[in-house]
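One structure below.
It should be emphasised that the depicted structure is a prediction, and the values quoted were computed from it without experimental measurement. By convention here, the first residue in the shown sequence is residue 1.
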Amino acid sequence: MGDCNHCTHERALSVEDDITVVFHKVDSHGKNSGGGADDHDECGDDERTAERIHLQSNCHVSCDYDDEDGVEEEEARGSENSPEGSEKKTLCPPAFCVRSKPASREGSAREGADKPKGCPGVGLFYAFLSTVFFSIIALLVKTIQGVHAIEISAIRCFFQMLFIVPLLIYHKTGFLGPRDKRIYLVLRGFIGSNAMILLFYAVQQMPLADATVIMFSNPVFTSLLAWIFLKERCTIWDCVFTVFTLTGVILIARPPFLFGNQVGGIEGNYTNHIKGTIAAFAGAIAAAFTFVVLRKMGKSVHYYLSVWYYAVIGFIECIITVSVLGEWRIPFCGRDRWMLMLIAVLGIAGQTFLTKALQIEKAGPVALMRTVDVVLAFIFQFIFFNRAPTLWSLGGALCVVVSTSGVAARKWYTNSRKS
């Protein structure tokens with residue numbers, strides 16, 4: 001009878017995407033002189049197997065052919081689906097085994113839809129927390145008696161250094177930073193620490209809300225300084241917002257040549273009020289310069305390294321200044337000592353939450369959320385110091401808040417159109 005020299009095995013590759021790939025494998029056998037018909041039947045019935053290869057969107061079948069448990073499980077599935085009832089094997093060839101990768105666009109789309117999305121308001125919540133912490137710091141500075149603003153700044157910088165050192169070691173950023181960015185880091189530390197000192201001094205010399213409102217005007221000056229030093233675009237709206245801000249500062253300061261010598265609603269004598277106004281205004285300018293320096297550095301310098309320079313340079317500057325002025329003194333009350341440490345801790349927390357907010361949310365909404373700082377300042381002033389704001393202070397605060405909110409909203413709108 002005829003010899004069975006060639007036997008064709010057929011394997012169907014069934015894919016879930018309605019694609020069938022058929023492999024034809026030809027096995028050559030040597031001639032057998034006897035039992036040709038029996039050999040043919042044996043070749044046709046015993047050796048012919050339909051091996052099905054199942055591919056899913058994620059290949060969970062092991063490609064290790066020595067895994068007997070996985071092979072036995074797949075063989076059981078194949079025997080149930082096979083029309084011939086013969087022994088089936090499910091293999092996952094290396095060419096078709098895709099580990100942890102979607103096999104189709106639909107599968108990847110389903111996986112993307114299944115991924116949990118973050119809370120859309122968490123960035124604004126972080127910004128709100130930072131605003132609350134900064135407002136509490138101003139309240140504590142106003143409450144502490146008999147300690148100079150520069151000494152408070154020195155204590156805050158000292159504890160800030162203690163918190164930052166472990167973070168720098170953990171992130172392996174070093175303590176000096178990139179060589180071409182060190183000059184900007186020094187400027188950031190010097191100008192930023194001066195802005196802090198001026199704010200604390202203003203809070204001690206004038207009503208809390210008035211000092212906070214003037215200090216809050218720094219976004220408007222940031223736009224002007226960025227136009228001067230960074231060659232950023234300056235529009236007519238920037239000029240309008242600047243005029244509004246200066247109007248608000250004048251309403252809060254109430255200079256005698258405009259409002260006369262009889263000025264009501266101030267804290268202490270008018271000389272201290274003017275000193276506080278000048279300090280707050282200079283602090284706002286210094287804060288604006290700090291933002292310009294940070295923009296110049298960009299994202300190539302780690303945030304904690306920037307804070308490290310701010311703390312170190314501020315601490316050295318404050319120690320030298322306090323020693324020259326002879327204003328160094330230990331707080332008499334134990335409560336004030338705890339409040340000084342709390343100022344440092346809240347400063348770290350406020351800066352951390354503000355950074356996280358800017359990483360998650362756009363700068364425009366974060367800046368708008370910072371307007372809550374002004375509202376909290378008026379509330380704290382009324383509750384803790386029993387001082388109601390005057391109409392002049394409210395009018396000045398309204399001008400400043402409108403201008404800073406306008407700057408933030410305009411940038412938000414511009415960035416949204418670009419994206």
Side-chain angles (χ1 to χ4, degrees), residues 132-165 186 188-212 214-215 266-287 290 307-351 373 376-377 380-381 383-387:
V132 173
F133 290 153
F134 289 139
S135 299
I136 295 176
I137 288 175
L139 174 64
L140 295 177
V141 171
K142 186 71 175 177
T143 304
I144 296 176
Q145 300 294 332
V147 181
H148 199 277
I150 302 178
E151 182 179 351
I152 297 176
S153 302
I155 296 174
R156 174 181 172 177
C157 290
F158 174 75
F159 283 100
Q160 194 160 335
M161 286 191 299
L162 296 182
F163 279 100
I164 289 297
V165 168
V186 172
R188 184 264 185 273
F190 179 75
I191 300 175
S193 58
N194 281 319
M196 174 185 60
I197 294 172
L198 291 170
L199 172 62
F200 288 175
Y201 182 78
V203 168
Q204 289 183 339
Q205 298 298 323
M206 65 187 304
L208 174 63
D210 293 347
T212 302
I214 297 176
M215 192 69 186
I266 63 174
E267 187 176 274
N269 57 58
Y270 188 75
T271 302
N272 291 337
H273 185 80
I274 290 296
K275 289 181 180 178
T277 301
I278 296 174
F281 188 78
I285 299 294
T290 302
V307 177
W308 167 253
Y309 270 83
Y310 166 82
V312 171
I313 295 178
F315 180 73
I316 296 174
E317 178 185 0
C318 291
I319 290 296
I320 295 175
T321 306
V322 171
S323 300
V324 171
L325 296 177
E327 294 288 343
W328 186 269
R329 59 176 58 91
I330 300 176
F332 299 104
C333 179
R335 185 199 65 172
D336 289 346
R337 300 173 187 175
W338 285 105
M339 291 171 64
L340 288 172
M341 289 187 288
L342 184 59
I343 288 174
V345 174
L346 291 178
I348 293 290
Q351 290 177 347
D373 195 359
L376 292 176
F380 289 162
Q381 178 178 291
I383 294 176
F384 293 98
F385 303 104
N386 195 23
R387 179 177 294 277

Task: Phe385 atom CZ, over 12 foreign heavy atoms within 6.0 Å - done: yes
Open item on the list: Please determine whether side chain to side chain contact (heavy atoms under 4.5 Å, CB included) holds for the pair Arg156 and Phe200, giving the CA-CA distance in whole Å, both sets of side-chain angles, and the decisive distance to 0.1 Å.
Closed with: CA-CA 11 Å; Arg156 174 181 172 177; Phe200 288 175; 3.6 Å; yes
Task: Shortest non-hydrogen separation from Gly314 to Ser193 and the atoms involved - done: CA-CB, 3.4 Å
Open item on the list: So, taking the atom named CG in Leu376 and the one named CG in Leu139, what distance separates them when rounded to the nearest 0.5 Å?
Closed with: 10.5 Å
Using distance only, find each side-chain donor-acceptor pair of residues 274-282 under 3.5 Å and give its atom names and separation, not counting sequence neighbours.
residue : atom : partner : partner atom : Å
Thr277  : OG1  : His273  : O            : 2.9

Task: Derivation of the side chain to side chain contact (heavy atoms under 4.5 Å, CB included) call for Val345 and Phe163 - done: CA-CA 9 Å; Val345 174; Phe163 279 100; 4.1 Å; yes
- [ ] Supply the atom-to-atom distance Met206 CE to Ile214 CD1, rounded to the nearest 0.5 angstrom.
- [x] 4.0 Å
TODO: Specify the closest pair of heavy atoms between Ser153 and Ile197, including all atoms of both residues, with the distance to one decimal.
DONE: OG-CG1, 3.5 Å
Task: Rounded distance (nearest 0.5 Å) linking atom CG of Asn194 with atom SG of Cys318 - done: 8.0 Å
- [ ] With the side chain counted from C-beta on, respond yes when Leu346 and Leu140 share a heavy-atom pair under 4.5 Å apart, and no when they do not.
- [x] yes
Open item on the list: Taking Val147's backbone N and O only, do any of them form a donor-acceptor pair with Gln204's side chain (distance below 3.5 Å, no angle check)?
Closed with: yes
- [ ] Taking ring pair (Phe, Tyr, Trp, His ring centres under 6.0 Å) as the test, write out the residues that go with Phe159, two or more places apart.
- [x] none
Task: Audit row: Gln160, Val307, side chain to side chain contact (heavy atoms under 4.5 Å, CB included) steps and yes/no - done: CA-CA 8 Å; Gln160 194 160 335; Val307 177; 2.9 Å; yes
Task: Side-chain touch Leu340/Glu151, heavy atoms, less than 4.5 angstrom - done: no
Task: CD1-CE distance between Ile152 and Met339, expressed to the nearest 0.5 angstrom - done: 9.0 Å
Open item on the list: Before you tell me yes or no, could you show the steps for Ile155 and Ile343 under side chain to side chain contact (heavy atoms under 4.5 Å, CB included), namely the whole-Å CA-CA distance, both residues' side-chain angles and the distance that decides it to 0.1 Å?
Closed with: CA-CA 9 Å; Ile155 296 174; Ile343 288 174; over 6 Å; no
Task: Flag if over 12 foreign heavy atoms under 6.0 Å of CG, Asn269 - done: yes
Open item on the list: How long is the straight-line distance from CG of Leu208 back to OG1 of Thr143, given to the nearest 0.5 Å?
Closed with: 8.5 Å
TODO: Measure the shortest side-chain to side-chain distance between Cys157 and Glu317 over non-hydrogen atoms and say whether it is less than 4.5 angstrom.
DONE: no
Open item on the list: Using side-chain heavy atoms (C-beta onward) and a distance below 4.5 Å, is Met215 in contact with Phe134?
Closed with: no
- [ ] Report yes if some heavy atom in the side chain of Lys142 is under 4.5 Å from a heavy atom in the side chain of Phe380; otherwise report no.
- [x] no
TODO: Output the distance between atom CD1 (Ile191) and atom CD1 (Ile285), rounded to the nearest 0.5 Å.
DONE: 11.5 Å
Open item on the list: Looking at every heavy atom in both Ser135 and Asp373, which two are closest together, and how far apart are they?
Closed with: OG-OD1, 2.5 Å
- [ ] Would you mind listing every salt bridge (charged side-chain N to carboxylate O under 4.0 Å, His left out) that reaches into residues 334-348, with sequence neighbours excluded?
- [x] none
Task: Nearest heavy atoms of Ile319 and Ala154, plus distance in Å - done: CD1-CB, 4.5 Å
